[in-house]
Peer 1: 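Pasting in a structure now, in structure tokens, and then I'll have a few things to ask.
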Amino acid sequence: MKIILASQSPRRRELLERMGISQFEVIPAEGEEIIEPALTPAELVEMLSQRKCAEVAAAHPEALIIAADTVVSIDGRILGKPQNKTEAADMLAALSGREHVVYSGLTVFCGGETVTEHEAASVRFRPLTGVEIKRYIATGEPMDKAGAYGIQGYGSVLVEG
């Protein structure tokens, strides 16, 4: 059976490979990720992963489709991917020295059936200086990640627990 990852995220590709799934195709969904403030973070990541999955499944109904989405939530505010370096700096400053929750939604389509779930993890940042935030942004890593950081990369040094 053909397996399709509906994401161009290198991290998601790596996760599949770590699970021993090496034969899959990457076909990212083209739809825009719109954050709907009326939804809870859990509802939002499920809805976003469902949209991505449905878009790719419509073109490949015979395949097993895997789609995911992630957001960060702090003080009732949902942080998606930053639009620019200023927004990334604002996000990182808001997370500095504080605990937040990372929500990831996953949708799998196979044989006409769809299953959607989500997980949430609490993360605490250590206090960050303005210089540290600028240096991290200069790596380019924050620009395509929810909350402007990736715990799998350089962002791991921002995390206290």
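Note that this is a predicted model, so its numbers are computed, not measured.
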Peer 1: Return yes when atom CZ of Arg135 has more than 12 non-hydrogen atoms of other residues, nucleotides or ligands closer than 6.0 Å, and no otherwise.
Peer 2: no

Peer 1: So with a 6.0 Å cut-off around CD of Glu99, is the heavy-atom count from everything else above 12?
Peer 2: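 For Glu99, atom CD is crowded (more than 12 foreign heavy atoms under 6.0 Å).
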
Peer 1: Do side-chain atoms of Arg124 reach the backbone of Gly97 as a donor and acceptor pair under 3.5 angstrom?
Peer 2: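 Yes.
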
Peer 1: Take a 6.0 Å sphere around CD of Glu113 and say whether it holds more than 12 heavy atoms from other residues, nucleotides or ligands.
Peer 2: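 Incorrect, the count does not exceed 12.
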
Peer 1: If you define the side chain from C-beta out and look only at heavy atoms, does anything of Phe125 sit under 4.5 Å from His100?
Peer 2: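 In short, these two side chains touch, coming nearer than 4.5 Å.
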
Peer 1: Working to the nearest 0.5 Å, report the span between CG of Asp69 and OG of Ser7.
Peer 2: 8.5 Å

Peer 1: For Glu87, give me all partners under salt bridge (Lys or Arg N to Asp or Glu O under 4.0 Å), at least two apart in sequence or on another chain.
Peer 2: none

Peer 1: If we only count heavy atoms from C-beta on, is the Ser9 to Glu14 side-chain gap below 4.5 Å?
Peer 2: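 No, their side chains stay 4.5 Å or more apart.
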
Peer 1: What are the two closest non-hydrogen atoms of Gly155 and Glu141, and how far apart are they?
Peer 2: N-OE1, 2.9 Å

Peer 1: In terms of side-chain geometry, is the basic nitrogen of Glu30 or Arg51 positioned less than 4.0 Å from the acidic oxygen of its partner?
Peer 2: no

Peer 1: Are the side chains of Met47 and Glu36 in touch, meaning some heavy atoms are under 4.5 Å apart?
Peer 2: yes

Peer 1: Counting only heavy atoms not in Gln8 (residues, nucleotides, ligands), do more than 12 fall under 6.0 Å from its CD?
Peer 2: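 Not more than 12 within 6.0 Å, no.
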
Peer 1: Please test Tyr103 against Glu119 for side chain to side chain donor-acceptor pair (under 3.5 Å), starting from the C-alpha separation and ending with a verdict.
Peer 2: CA-CA 6 Å; Tyr103 291 85; Glu119 287 292 331; over 6 Å; no

Peer 1: Provide the closest heavy-atom pair for Pro127 versus Glu160 in the form atom of the first, atom of the second, distance.
Peer 2: CD-OE2, 4.3 Å

Peer 1: What residues, two or more places apart in sequence or in another chain, satisfy side chain to side chain contact (heavy atoms under 4.5 Å, CB included) together with Thr114?
Peer 2: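 Residues passing side chain to side chain contact (heavy atoms under 4.5 Å, CB included) with Thr114: Thr107, Phe109, Thr116.
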
Peer 1: Tell me the closest heavy-atom pair linking Pro142 and Ala148, and the distance in Å.
Peer 2: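 Answer, listing the atom of Pro142 first, then Ala148: CB-O, 2.9 Å.
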
Peer 1: So that I can tick it off, tell me whether Glu17 and Arg12 are bridged by a salt bridge, with the cut-off set at under 4.0 angstrom between side-chain N and carboxylate O.
Peer 2: no

Peer 1: Are Leu15 and Leu106 connected in a single hydrophobic cluster, I mean Ile/Leu/Val/Met/Phe/Trp/Tyr linked by side-chain heavy atoms less than 4.5 Å apart?
Peer 2: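 Shared cluster, no.
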
Peer 1: Stepwise, does the side chain to side chain contact (heavy atoms under 4.5 Å, CB included) test hold for Lys2 with Glu25?
Peer 2: CA-CA 8 Å; Lys2 182 177 183 178; Glu25 192 173 339; 2.9 Å; yes

Peer 1: Measure the shortest side-chain to side-chain distance between Leu5 and Leu16 over non-hydrogen atoms and say whether it is less than 4.5 angstrom.
Peer 2: yes

Peer 1: Can a donor-acceptor pair be found, under 3.5 Å and without considering hydrogens, that links the side chain of Glu46 to the backbone of Glu43?
Peer 2: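 Not confirmed, Glu46 side chain does not pair with Glu43 backbone.
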
Peer 1: Say you draw a straight line from CD1 of Ile66 to CZ of Phe24; how long is it, rounded to the nearest 0.5 Å?
Peer 2: 8.0 Å

Peer 1: Taking Val101 as the starting point, is it possible to reach Met91 by hopping between hydrophobic residues whose side chains are less than 4.5 Å apart?
Peer 2: no

Peer 1: What is the minimum heavy-atom distance between Leu39 and Ile78, and which atoms define it?
Peer 2: O-CD1, 4.0 Å

Peer 1: Atom NZ of residue position Lys134 - does it have more than 12 heavy atoms of other residues, nucleotides or ligands inside 6.0 Å?
Peer 2: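 Open.
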
Peer 1: Do Val108 and Leu64 come within less than 4.5 Å of each other through their side chains, counting heavy atoms only?
Peer 2: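 In contact.
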
Peer 1: Could you walk me through whether Met1 and Cys110 satisfy the side chain to side chain contact (heavy atoms under 4.5 Å, CB included) test, starting with their C-alpha distance in whole Å, then the side-chain angles of each, then the deciding distance to 0.1 Å, before giving a yes or no?
Peer 2: CA-CA 10 Å; Met1 172 178 287; Cys110 185; 3.6 Å; yes

Peer 1: Does Val157 belong to the same Ile/Leu/Val/Met/Phe/Trp/Tyr cluster as Val102, with side-chain heavy atoms less than 4.5 Å apart forming each link?
Peer 2: yes

Peer 1: Given side chains that start at C-beta, do those of Ser104 and Val45 come closer than 4.5 Å, heavy atoms only?
Peer 2: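 Sidechains of Val45 and Ser104: no contact.
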
Peer 1: Quick one, Arg11 and Asp144 - any side-chain contact, counting heavy atoms below 4.5 Å?
Peer 2: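 Result yes, sub-4.5 Å side-chain heavy-atom pair found.
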
Peer 1: Got a second to check how far Ile4's CD1 is from Ile65's CD1, nearest 0.5 Å?
Peer 2: 4.0 Å

Peer 1: If you define the side chain from C-beta out and look only at heavy atoms, does anything of Glu117 sit under 4.5 Å from Ser49?
Peer 2: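 Glu117 does not reach Ser49 side chain to side chain.
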
Peer 1: Atom CD1 of Ile21 and atom CZ of Arg13: how far apart are they, to the nearest 0.5 Å?
Peer 2: 14.0 Å

Peer 1: By salt bridge (Lys or Arg N to Asp or Glu O under 4.0 Å), which residues pair with Lys145, not counting sequence neighbours?
Peer 2: none

Peer 1: Has the side chain of Asn84 got a donor or acceptor atom that lies under 3.5 Å from a matching backbone atom of Thr86?
Peer 2: yes

Peer 1: Indicate, with yes or no, if Leu79 and Tyr136 share a hydrophobic cluster defined by side-chain heavy-atom contacts under 4.5 Å among Ile, Leu, Val, Met, Phe, Trp and Tyr.
Peer 2: yes

Peer 1: State plainly whether one hydrophobic cluster holds both Val56 and Ile3, where clusters connect Ile, Leu, Val, Met, Phe, Trp and Tyr through side-chain heavy atoms under 4.5 angstrom apart.
Peer 2: no

